[in-house]
Number of protein chains: 2
Amino acid sequence: MGVDCHHTESAQPGLEGAALASAVAAAASKCERTRERLTPPRRRVLELLLEADGPMKAYDLIAAYGQDGEPAKPPTVYRALDFLERLGFAHRIESLNAYVPCRMEGTSHRAAFLICECCGTAEEFEPDFSPQFAAAEAAGYAVRTVTLEARGLCPACKVEAEPIAT
Amino acid sequence: MGVDCHHTESAQPGLEGAALASAVAAAASKCERTRERLTPPRRRVLELLLEADGPMKAYDLIAAYGQDGEPAKPPTVYRALDFLERLGFAHRIESLNAYVPCRMEGTSHRAAFLICECCGTAEEFEPDFSPQFAAAEAAGYAVRTVTLEARGLCPACKVEAEPIAT
DNA sequence: CAGGTTATGTTATTTCATAACGCAAGAGAT
DNA sequence: ATCTCTTGCGTTATGAAATAACATAACCTG
């Protein structure tokens, strides 16, 4: 998806096997604690996000949904994504119309990504929004969520784009 | 658009008359300096953005395009928006699928908005991205653009939501 | 088990954006 | 001036992303 280069897109290798099961189990237990229900469609979409090597488009998820090859109906996946976002298990990347599993522990009301315009990977990082928050509150705003999306080149693609020079 | 409340949406009053003409003229002269062409469709879309009271959806622009009521064809408006974004005269707000004229002078490769989820206004502010930039560069990224979208309640809607408390 | 609430299944539609192609207009070289 | 290269426009059609609406099913709680 959106791959402009020939890199093997391995910057964010997907989970498999035990690691995948463990990540899903962690989400499940977190749900139990908060009396939320990790129902089959929600679990399935979370699995697909965790297995993926990079951001997944909604219709990629729809196509990949059925283990037998049967696609899901769009609302099935969009509802699951709403749930996963609400619980902080996934983030939507607005500038890509795509979704990633949350790679950070902790609070879910902020997310920041470094998006490579060459290979399409999106790396989540822990932002320090304090200056922006302060500015917003100073202006009288009550901030609920903040998202930051920085676009550019990841280390690998950057090297390739500048073969020799500075 | 996206208005959940009954406020007269006047947080970002649109330009008219002389102010509008002056803003368009400023853009035109900036284009001349850089050998860019502010062609009729581009000028028209810029006018519509400047006249608007808040973020405009692409299809709102399409519908409003013709002074005689004739809508534009989608590519006409999307191309104009691409141009205006490239020159820094407009910004796309990803989380709204909407567009606003740039309210800040200067560089165009970063934009930050305070978006009111109640009345739909989007206020541009000057961000201090230095911590995020530093984090990104430390991770080896070459950042090209940064966008930040903070969602919450503007001062007016905040008061209304908390009639008494705190 | 009655009754409210939350989640799903399904059909259809709406909203957002771009591909592809031919034509027109401007800029620079000779 | 006019060639021609590039850039932008007009047009048709299609693709991609997301949601509306409504019926059914599952869960919880008293």
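Proteins get letters first, then strands, A, B, ... in listed order; numbering begins at 1 in each.
- Here D:dA16 presents its C1' atom at 14 Å from CG of A:Leu96, a figure rounded to the nearest Å.
- In this structure, B:Arg37 and A:Thr76 both approach DNA chain C, and ranking their closest nucleotides by distance from the 5' end singles out A:Thr76.
- For the pair B:Pro40 and B:Lys73, both in contact range of DNA chain D, the more 5′-proximal nearest nucleotide belongs to B:Pro40.
- Remark: P of C:dG26 and CD of B:Glu36 are 16 Å apart, rounded to the nearest angstrom.
- Closest non-hydrogen pair, A:Ala58 versus A:Leu81, comes out as CB-CD1, 4.5 Å.
- Interface remark: the B:Arg35 side chain does not form any donor-acceptor pair with the C:dG26 base, using a distance-only criterion of under 3.5 Å.
- C:dT14 atom C1' lies 14 Å from atom CG of B:Asp60, rounded to whole Å.
- When the side-chain nitrogen and oxygen atoms of A:Arg79 are compared with OP1 and OP2 of C:dT10, none of them lie within a distance under 4.0 Å.
- A:Glu36 CD to A:Thr34 OG1: the interatomic distance, rounded to the nearest 0.5 Å, is 5.0 Å.
- A distance of 10.5 Å separates CG of A:Leu61 from CG of A:Leu46, quoted to the nearest 0.5 Å.
- Within the 4.0 Å cut-off from OP1 or OP2 of C:dA17, at least one side-chain nitrogen or oxygen of B:Arg92 is found.
- Distance, A:Met56 CE to D:dA17 P: 12 Å, rounded to whole Å.
- B:Arg79 contributes atom CZ, which lies 14.0 Å from atom CG of B:Leu84 (distance to the nearest 0.5 angstrom).
- Taking every heavy atom of both residues into account, B:Lys158 and A:Gly140 meet most closely at NZ-O, 3.4 Å.
- C:dA25 atom P lies 18 Å from atom CG of B:Leu38, rounded to whole Å.
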Would you mind writing out the side-chain donor-acceptor pairs for residues 37-45 of chain B within the sub-3.5 Å range, not counting sequence neighbours?
unit_1: B:Arg42; atom_1: NH1; unit_2: B:Arg37; atom_2: O; d: 2.7
unit_1: B:Arg44; atom_1: NE; unit_2: B:Tyr65; atom_2: O; d: 2.7
unit_1: B:Arg44; atom_1: NH1; unit_2: B:Glu47; atom_2: OE1; d: 3.1
unit_1: B:Arg44; atom_1: NH2; unit_2: B:Ala64; atom_2: O; d: 3.2
unit_1: B:Arg44; atom_1: NH2; unit_2: B:Tyr65; atom_2: O; d: 3.3

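- Side-chain nitrogen and oxygen atoms of B:Thr39 include none within less than 4.0 Å of the OP1 or OP2 phosphate oxygen of C:dA25.
- Atom-to-atom, CG of B:Leu87 to P of D:dT7 comes out at 14 Å; the value is rounded to the nearest Å.
- Annotation: of the two residues near DNA chain D, B:Pro41 and A:Asp82, the 5′-most nearest-nucleotide partner is B:Pro41.
- Contact detail for A:Leu50 and A:Ala23: the closest heavy-atom pair is CD1-CB, 3.8 Å.
- A close approach under 4.0 Å does occur between a side-chain nitrogen or oxygen of A:Tyr78 and OP1 or OP2 of D:dA18.
- In this structure, the CD1 atom of A:Ile62 is 17 Å from the P atom of D:dG15, given to the nearest Å.
- For the helix from C:dC1-D:dG30 to C:dT30-D:dA1, the end axes, each set by the C1' atoms of five terminal pairs, are bent relative to each other by 40° (nearest 10°).
- Distance CG (B:Leu61) to C1' (C:dT15): 14 Å, rounded to an integer number of Å.
- Of the residues B:Phe113, B:Tyr99, B:Phe125, the one that meets the ring-ring contact (aromatic ring centres under 6.0 Å, His included) test with B:His91 is B:Phe113.
- Set against D:dA17, D:dT19, D:dA18, the side chain of A:Lys57 has D:dA17 as its closest nucleotide.
- Among the protein residues, B:Arg42 comes within range of the sugar-phosphate backbone only, with heavy atoms under 4.0 Å from sugar or phosphate atoms but none that close to a base.
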